[in-house]
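As structure tokens, the structure follows; a few thoughts come after it.
Start at 1 and go down the list; that is how both ligands and their atoms are numbered.
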Amino acid sequence: MSAAAQNITPSPDAQSFLNREHRLLIGGQWVTSASRESIDVFNPATEGHLAKVAAGGKDDIDRAVSAARKAFRGEWSKLTAYERTRLIWKLADELEANLALASELEVLDNGMPLMLAQYSIASFGCEFLRYYAGWATKITGDTIPVSPTGVRNGESLTYTRREPIGVVGAIIPWNAPLIMATLKLGPALAAGCTVVLKPAEQTPLTALFLGELIKRVGFPDGVINIVPGYGETAGAALAAHPDVDKIAFTGSTEVGKKIVAAAMGNLKRVTLELGGKSPMVVFPDADLSRVIPGVTRGAFFLQGQNCMAGTRLFVHQDIFDKVVAQVGDLAGKFRIGPGMSPDSDLGPLISAEQRDRVMGYVASGKQSGAELVCGGEVLPGRGFFVKPTLFSKTNMDMQIAREEIFGPVLCAQSFGDGELQAVADEANKGIYGLSGSVWTRDISVAHRMAAMIDAGQVSINCHAAVDPAIPFGGNKQSGWGREFGREGLDPYLKTKATTVVY
Ligand code: NAI
Ligand code: MG
């Protein structure tokens with residue numbers, strides 16, 4: 001385990017970005033916030049101050065929404081689909097050309113290991129944008145081969161158009177900040193919408209960096225506006241804004257419900273990607289050489305600050321002790337340290353608040369009688385580091401097994417022989433239904449179990465298989481709608497039926 005407080009100096013390019021004045025991108029210009037208030041941004045690995053960023057409030061959101069509306073009605077709406085494709089593709093190219101700096105800023109701001117930042121920005125930043133760039137030219141309506149009532153066959157034509165929904169408010173969290181921005185921008189821009197993006201207050205830096213690339217690429221002014229700010233002010237103003245047509249939100253289930261309430265004023269469309277408490281179900285015939293690394297990574301990837309994290313491990317009783325011991329061993333070997341250190345497998349949690357929240361759950365787990373297999377401690381020194389933690393003998397009456405912890409805490413419980421449905425019922429308990437995985441060599445058990453898991457996404461012999469083309473989203477209180485793939489485009493479009501009677 002490397003020393004948490006190891007000091008790693010930012011590169012000259014990163015330092016020069018950090019030193020800049022960080023303003024809001026509204027109508028194609030970098031502008032100061034109306035209130036002149038700012039947000040202090042910290043490095044979660046060192047607790048050091050990184051930058052001061054203008055904090056947008058209601059007035060700034062108003063300005064950004066009207067810039068987005070103006071752009072929606074203006075030049076942007078006149079561009080051909082090919083021109084939108086080219087602009088989105090060019091943004092992907094700019095991001096790729098700046099991958100090293102973008103990744104470093106992401107690590108400084110969020111804490112994730114550098115390799116992970118580079119990989120995720122390349123595949124879910126650049127490739128995701130390219131995937132949706134391609135969709136811009138493939139949005140089509142239908143011709144309907146009937147005549148309206150009272151009109152003779154052959155004397156009318158009805159067709160549908162898929163039109164952009166309008167101004168989109170995108171509110172994103174801190175756990176994977178830059179790729180969250182691209183996940184919202186890709187389909188919105190492909191559909192022809194304009195966007196006001198509000199990054200999380202903890203991690204606004206890479207969204208602002210993306211803003212620079214957006215300016216370089218040459219999108220018409222106001223197509224993409226970026227307003228960092230706090231959730232209760234900027235976020236709430238965007239969600240309630242009467243001239244916003246749709247909110248795309250990723251974050252907590254609690255705030256998701258507030259977004260829905262705020263959206264009622266003008267009945268704006270809402271899609272929600274919320275929390276999870278995803279099960280990983282391991283049958284006794286599973287290939288343990290894949291299970292052990294797979295479920296351990298599934299649980300602790302991004303320090304567990306990941307909505308898809310496999311946080312409940314269900315293992316058949318015949319192999320339960322063995323699997324738990326081996327997962328505990330591997331988790332104990334993960335090297336924890338600053339994301340910029342090449343030795344780090346896991347970085348810090350995002351904030352002192354998040355660390356304290358996670359440690360509160362660890363205490364609750366101990367109190368409720370779960371058996372601590374490994375971890376359960378913070379690393380001494382600076383930075384918000386928590387050791388990967390595995391609890392055995394958990395059950396769904398325990399708070400740690402029911403609630404989303406959003407940290408490196410895995411709960412294991414065993415199941416016996418009997419009906420698959422009983423295992424599925426246990427895995428399906430709780431308010432979430434985002435992801436899940438099944439581990440077995442038996443194809444009929446695999447597919448039957450996958451069908452029984454109540455989640456938007458189930459993986460077999462891996463956990464959380466993601467790709468820009470694979471629909472992603474949650475059942476129950478894990479969300480509304482799907483992102484990614486063709487389905488991910490639909491919420492940004494509205495259908496108009498047109499009929500002409502000759
Ligand atoms: P959060 O849900 O408060 O923050 C997500 C985004 O929503 C941020 O941009 C925030 O500024 C904004 N926001 C907050 N309150 C708002 C409001 N009233 N109106 C509009 N926007 C608002 O998440 P937070 O507080 O950072 O983390 C708390 C817990 O939420 C975590 O421990 C985790 O369990 C869960 N979470 C889940 C995420 C996911 O990807 N499913 C991501 C982040 C947090
Ligand atoms: Mg919050």
Of the protein's non-hydrogen atoms, which lies at the shortest distance from [atom], and what is that distance?
{"atom": "atom 34 (O) of ligand 1", "answer": "E404 OE1, 2.9 Å"}
{"atom": "atom 1 (P) of ligand 1", "answer": "S252 OG, 3.6 Å"}
{"atom": "atom 33 (C) of ligand 1", "answer": "F406 CG, 3.3 Å"}
{"atom": "atom 18 (N) of ligand 1", "answer": "K258 CD, 3.8 Å"}
{"atom": "atom 42 (C) of ligand 1", "answer": "P173 CB, 3.3 Å"}
{"atom": "atom 8 (C) of ligand 1", "answer": "I172 O, 3.5 Å"}
{"atom": "atom 7 (O) of ligand 1", "answer": "F249 CE1, 3.2 Å"}
{"atom": "atom 14 (C) of ligand 1", "answer": "G231 CA, 3.5 Å"}

Which atoms of ligand 1 have any heavy atom of [X] under 4.0 Å away?
{"X": "W174", "answer": "24 (P), 26 (O), 27 (O)"}
{"X": "I259", "answer": "20 (C)"}
{"X": "R357", "answer": "32 (O), 34 (O)"}
{"X": "G235", "answer": "19 (N), 20 (C), 21 (N)"}
{"X": "A236", "answer": "19 (N), 20 (C)"}
{"X": "Q202", "answer": "26 (O)"}
{"X": "G275", "answer": "41 (N)"}
{"X": "Q354", "answer": "31 (C), 32 (O)"}

May I ask you to check whether [X] has an N/O atom sitting below 3.5 Å from an N/O atom of ligand 1?
{"X": "E201", "value": "yes"}
{"X": "E232", "value": "no"}
{"X": "L274", "value": "yes"}
{"X": "C307", "value": "no"}
{"X": "K198", "value": "yes"}
{"X": "T250", "value": "no"}

Original post:
Looking at Y432, does the NZ or CZ of K476 lie under 6.0 angstrom from its six-membered ring centre and within 45 degrees of the ring axis?
Top reply: no
Please determine, by modelled atom types, if [X] and [Y] share a side-chain donor-acceptor pair under 3.5 angstrom.
{"X": "Q202", "Y": "Q354", "value": "no"}
{"X": "S435", "Y": "Q457", "value": "yes"}
{"X": "K58", "Y": "T233", "value": "no"}
{"X": "H241", "Y": "D62", "value": "yes"}

N/O donor-acceptor pair under 3.5 Å between [X] side chain and [Y] backbone:
{"X": "K366", "Y": "L372", "result": "no"}
{"X": "Y132", "Y": "G485", "result": "yes"}
{"X": "S103", "Y": "L99", "result": "yes"}

**OP:** Answer yes or no for A239: is there a heavy-atom contact with ligand 1 below 4.0 Å?
**Re:** no
Original post:
Does atom 3 (O) of ligand 1 have a protein heavy-atom neighbour under 4.0 Å away?
Top reply: yes
Original post:
Looking at atom 28 (C) of ligand 1, would you say a protein heavy atom lies below 4.0 Å from it?
Top reply: no
Original post:
With the threshold set at 4.0 Å, does a side-chain nitrogen-carboxylate oxygen contact exist between E404 and K277?
Top reply: no
Subject >> E127/R130 salt bridge by N-O under 4.0 Å criterion >> reply: yes
**OP:** Would you indicate whether the side-chain heavy atoms of L189 and F219 approach each other to under 4.5 Å?
**Re:** yes
Subject >> side chain to side chain contact (heavy atoms under 4.5 Å, CB included) partners for E104, two or more places apart >> reply: P10, S11, A14, L108, M340
Original post:
Looking at R482, E487, E273, which hits side chain to side chain contact (heavy atoms under 4.5 Å, CB included) with F472?
Top reply: E273
**OP:** With heavy atoms only and a cut-off of under 4.0 Å, state how T253 meets ligand 1: side chain, backbone, both or neither.
**Re:** neither
**OP:** Measure the CG-CD distance between L272 and E483 for me, rounded to the nearest 0.5 Å.
**Re:** 9.5 Å
Original post:
Among pairs that include at least one residue of residues 38-62, which meet ring pair (Phe, Tyr, Trp, His ring centres under 6.0 Å), considering only residues two or more places apart or in two chains?
Top reply: F42-H49
